[in-house]
2 protein chains.
Amino acid sequence: MNKTAPPLEIAVTELSLAIGQLLRRLRTEANPSELNLSQMGTLARLEQHGWMTTADLARIEAMKPQSMGAILAGLEQEGLVQRQPHPTDGRQILFALTDEGAEARRKRSIAKRDWLLTAMAKFDPEEQRTLISAAALIKRLADS
Amino acid sequence: MNKTAPPLEIAVTELSLAIGQLLRRLRTEANPSELNLSQMGTLARLEQHGWMTTADLARIEAMKPQSMGAILAGLEQEGLVQRQPHPTDGRQILFALTDEGAEARRKRSIAKRDWLLTAMAKFDPEEQRTLISAAALIKRLADS
DNA sequence: TATTGTTATACTCTATAACTATA
DNA sequence: TATAGTTATAGAGTATAACAATA
């Protein structure tokens, strides 16, 4: 038996629980007209990559194509994304941000952003740096 | 104007999105008989604190008492928590882990834990340390 | 035959509202 | 009058299943 128990096994549970809690906080702090995290994520991907298909977006956001389809339909109805047929493959449909969509990314998640910003501002600089680094690592985790 | 734009404003959005994604991954990797994150969190609190009321659990887990009531009802039906009337206040009801509940904490979130463990094992030691520190910080964020 | 996207339906998690019992 | 918990209902977010069109 190893005397120092591997902290990773405990840490993964802690991390899961902490993430679940923070997500609930973010949801409750948001006001009703804000974009939700799935919508924000989808818009962010489109801003990074330009024109993308439903299937690609679904894969990259770790959800089913039908679910991504529903998200895109909602965003399209609000004028935040636009569609275009694929030039060579008649089955596929390409989506991209509209100007309104780019603006919405900045303006329609303010309560969530402010709450998190205020909460993080209370941390000392090193703790802030840890969280900033962790954000990138968590993204890599989700993508793996 | 400051030449180095404050990275915190961008980082909070990145953190939100990363957390949303990781949560979806954890959900899809789990098998159907596993405890969900709210159930795991509730059991973890009861293991830490011992006997607690619905209202206290709701507050500490950042959800409404009715929602926590539903979670506790489910856990009770599975024999993972037990209830007991409050000794002096007839309105309140105290909950605690059963032995089965303590066992379930360890055995009924294995797929989620293994997936995350495997994903984190691919990171280098410093990245792992960052994530472990971040877990505690994220918890503090959620509590604030 | 496999893949893209759509439509219809159902499930999970959490919230809101109305109520009862106790303080 | 305020608080703890329950019951009933509704909403958000995502999944599964069945389908049509295209490859």
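Reminder, nothing fancy here: chain letters follow the sequence lines and each chain counts from 1.
Taking atom NZ of residue Lys64(B) and atom P of nucleotide dT7(D), one finds them 20 Å apart after rounding to whole Å. Atom pair Leu75(B):CG and dT12(C):P shows a separation of 15 Å (rounding to whole Å applied).
Of the residues in residues 104-119 of chain A, none has a non-hydrogen atom less than 4.0 angstrom from any atom of DNA chain C. In the region residues 13-42 of chain B, proximity to DNA chain C at under 4.0 angstrom, judged on heavy atoms, holds for Asn36(B), Ser38(B).
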Can you pull every protein N or O that's under 3.5 Å from an N or O on nucleotides 2-6 of chain D?
residue: dT3(D); atom: O4'; partner: Arg91(B); partner atom: NH1; Å: 3.4
residue: dT3(D); atom: O2; partner: Arg91(B); partner atom: NH1; Å: 2.9
residue: dG5(D); atom: OP1; partner: Thr54(B); partner atom: N; Å: 3.4
residue: dG5(D); atom: OP1; partner: Ile93(B); partner atom: N; Å: 3.0
residue: dG5(D); atom: OP1; partner: Ile93(B); partner atom: O; Å: 3.1
residue: dG5(D); atom: OP2; partner: Ala55(B); partner atom: N; Å: 2.8
residue: dT6(D); atom: OP1; partner: Arg83(B); partner atom: NH1; Å: 3.0

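Side-chain contact check for Leu94(B) versus Pro87(B): some heavy-atom pair is nearer than 4.5 Å. Taking 4.5 Å as the limit, every side-chain heavy atom of Leu37(A) sits out of range of all side-chain heavy atoms of Leu23(B).
Residues Trp51(A) and Ile71(A) do not share a hydrophobic cluster, clusters being chains of Ile/Leu/Val/Met/Phe/Trp/Tyr side chains in contact below 4.5 Å.
A distance of 10.0 Å separates OG1 of Thr98(A) from CG of Leu46(A), quoted to the nearest 0.5 Å. Taking CZ of Arg45(A) as the start and CG of Leu57(A) as the end, the distance is 8.5 Å to the nearest 0.5 Å. Note that OG1 of Thr53(B) is 10.0 Å distant from CD1 of Ile93(B), once rounded to the nearest 0.5 Å. Note that the CE atom of Met63(B) and the CD atom of Gln21(A) stand 8.5 Å from one another [nearest 0.5 Å].
Between Ser16(B) and Leu116(A), the shortest heavy-atom contact is OG-CD2, 3.5 Å. Contact between Ala44(B) and Leu17(A) at its shortest, heavy atoms only, is CB-CD1, 3.9 Å.
Listed pair Ser67(A) / dA15(D) meets the phosphate criterion, a side-chain N or O lying under 4.0 Å from OP1 or OP2.
If you run salt bridge (Lys or Arg N to Asp or Glu O under 4.0 Å) between Glu34(B) and each of Arg113(B), Arg108(B), Lys112(B), only Lys112(B) comes through.
Remark on the helix from dT1(C)-dA23(D) to dA23(C)-dT1(D): inter-end axis angle 0°, axes from five-pair C1' superpositions, rounded to 10°.
Atom CD of Gln84(B) has more than 12 heavy atoms from other residues, nucleotides or ligands within 6.0 Å.
Hydrophobic cluster membership of Ile110(B), counting Ile, Leu, Val, Met, Phe, Trp and Tyr whose side-chain heavy atoms lie under 4.5 Å apart directly or via other members: none, as it forms a cluster of its own.
For Lys122(A), the salt bridge (charged side-chain N to carboxylate O under 4.0 Å, His left out) criterion is met by no residue, not counting sequence neighbours.
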